[in-house]
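First comes the structure, then the notes that go with it.
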Amino acid sequence: MSDPTTNADASEDAAGILSDEQAHPKYQNRNALIYASLVSLTYLAAPVLYIGIQAGLCKRLHASNAMANLPSTVYAAMSWLPVIIAWLFPQARLLKKTMSLSYSLMSLTGVLIAFLIISQPSNEIIIWSLVVQAAILGGSNGVLSILNWEALDRGVSAKRRGRALGLAFGLGPAFAVVGSLFAQLLLNGKLFGWQPPRWLSLNYYPYNYAILFGTCAACTGLAALLVHFYRIPLPKVDVKREPFHVAVLGGFRGMISNRVLLIACIAYLLVYCGNMVQNNMNIFTRISVGRAPEDLVGYQLALRFSFKMLAGFLLGWLLIRTNPKVPLLVTVGLQITGVLWVLLVPGYWFMLAFGLMGAGELFGVYYINYPVCCSSKSQVRRNIAFLGLISSAVGLAPMLYGWISDTWSLRASFWAALIIMVFAAVLVFVKLPARPQPLPEDLGAADLSEER
């Protein structure tokens, strides 16, 4: 008897449609593991992928402050690209190819930047190369965000999705800690006061920066390879590209006309806005503890990521055992508790607020999972792209909190954030159903069955 896995792979190659065998739970488990691995690799490369070190490198190359901040500005300015990609390439059969291409582009830019840093052609060439890379990273990360959600929606059933999310965001923050500490050691030469022997030290410019960009290239290159191992059932009839005004303008109109989807998006934006008060929390350290914020920032980050790891596993388990609405209430509840902790608990116990807020930061996962659940499979990438584009406006929230604290006090900014998040919690509790359903027109598309 022939190997069913081989036959299934051949079916995919020949027709672009996965066979029934590839919808089997073991393939769903594989998809969940791949998704968690991709998230973990992204966390590991976060110092470069999320423009964490580019400003410092630009300053080392004698750039002005404005120029040093240009990579971050360009990165954020690419938030429109996922909407365009969702319009140009809506076909499910292009999902894996587009993901692999995006990861490959990020890997290639990492290799090129590492090469330029070592070869040192001129400061201007390196700086402008960093700006170009930031544009590619901003666009690619945005595109991958929507496509990874679609891959999870198509490749893992709703009942099994909690396992994938729990694994991804339980283990993922640990990789973020490793990546951040590795970057700290390379750039500063010390880690919590420990300094490696001279023969083992790598904190010499330009090799330290080259190693960081090279590590990013390796992580994203491995991610590009892993994408090919996804086994994603495809619809028998794929969607076709529609005219721009129909797909984009009409699609946005259709999204906001769906009452449940609209409320879910508003709740996400409100919680996101409330979460942005964390900058003021860091400033508040001097008032609450009596020490400069920079003296304790490392411990604050450790608490933030440690609590996030614990919450990652817990929230995944909750999604498996309950419904998509419960993690929404838990994450916003953690955020509310964190802000109340800042307001009510003085001294070093105040530091636990960063752990609570870190755990609550996983709202960014589960408040997106909810719109995914109530979107048709053919519209997941488009709706999440719209949500990402709209949420870029939340970047103004820190300025709002800064103005409130300058006008009144830091405590006033915390009360403002608290009001926003309590309103979001009430909105979720009262207005959102526990088990959202996709749009009727997609119910006949290829889906996964728990029994198969």
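Keep in mind that this is a model prediction, so the values were computed, not measured.
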- If you draw a 6.0 Å radius around CZ in Phe175, do more than 12 non-hydrogen atoms from other residues or ligands fall strictly inside? no

- Note on the structure: In short, Tyr401 meets Gly274 closest at the heavy-atom pair OH-CA, 3.4 Å

- Query: Are any non-hydrogen side-chain atoms of Leu49 and Thr220 less than 4.5 angstrom apart?
  - Reply: yes

- Query: Is Lys325 close enough and on-axis enough to Tyr366, meaning under 6.0 Å and within 45°, for cation-pi?
  - Reply: no

- Query: Do Phe213 and Leu112 have side chains that get closer than 4.5 Å, going by heavy atoms?
  - Reply: no

- Hey, does the side chain of Ser180 reach the backbone of Val177 with a donor-acceptor pair shorter than 3.5 angstrom? no

- Is there a donor-acceptor pair closer than 3.5 Å between any side-chain N or O of Arg30 and the backbone N or O of Phe229? yes

- Item | Check: Gly254 main-chain N/O paired with Ser257 side-chain donor or acceptor under 3.5 Å | yes

- Do Tyr50 and Asn141 have side-chain atoms, one donor and one acceptor, less than 3.5 Å apart? no

- Is Val342 close to Ser288 at the side-chain level, that is, under 4.5 Å between some pair of heavy atoms? no

- Query: According to the interplanar angle, ranging from 0 to 90°, do the rings of Phe244 and Trp87 count as parallel (below 30°), tilted (30 to 60°) or perpendicular (above 60°)?
  - Reply: perpendicular

- For Pro371 against Ser375, the heavy-atom pair lying closest together: O-OG, 2.6 Å

- Message: Between Gln91 and Leu234, is there a side-chain heavy-atom distance shorter than 4.5 Å?
- Response: no

Only pairs under 3.5 Å count here: list side-chain donor-acceptor contacts from residues 356-364, not counting sequence neighbours, and write none if there are none.
residue	atom	partner	partner atom	Å
Glu361	OE1	Arg304	NE	3.2
Glu361	OE1	Lys308	NZ	2.7
Glu361	OE2	Gln278	NE2	2.8
Glu361	OE2	Arg304	NE	3.0
Glu361	OE2	Arg304	NH2	3.0

- Query: Is there a donor-acceptor pair closer than 3.5 Å between any side-chain N or O of Ser100 and the backbone N or O of Lys96?
  - Reply: no

- Do Arg154 and Asn31 have a side chain donor and acceptor closer than 3.5 Å? no

- Hey, does Leu137 have a side-chain heavy atom less than 4.5 Å from the side chain of Gln54? yes

- Query: Are there more than 12 heavy atoms of other residues, nucleotides or ligands under 6.0 Å from atom CZ of Phe313?
  - Reply: yes

- Side-chain donor/acceptor of Lys431 to backbone N/O of Ile263, under 3.5 Å: no

- Message: Classify the ring geometry of Tyr367 against Tyr268: parallel below 30°, tilted from 30° to 60°, perpendicular beyond 60°.
- Response: tilted

- Task: May I ask you to test the Tyr43-Phe169 pair for a side-chain heavy-atom distance under 4.5 Å?
- Result: yes

- Do the side chain of Thr331 and the main chain of Leu328 share a donor and acceptor less than 3.5 angstrom apart? yes

- Query: side-chain hydrogen bond (donor to acceptor under 3.5 Å, both in side chains) with Lys97: which residues, sequence neighbours excluded?
  - Reply: none

- All salt bridge (Lys or Arg N to Asp or Glu O under 4.0 Å) counterparts of Arg382, not counting sequence neighbours: none

- Decide yes or no for Phe307 and Phe354: does some side-chain heavy atom of the first lie under 4.5 Å from some side-chain heavy atom of the second? no

- Task: Taking the side chain as every heavy atom from C-beta outward, state whether Leu314 and Trp317 have any pair of such atoms under 4.5 Å apart.
- Result: yes

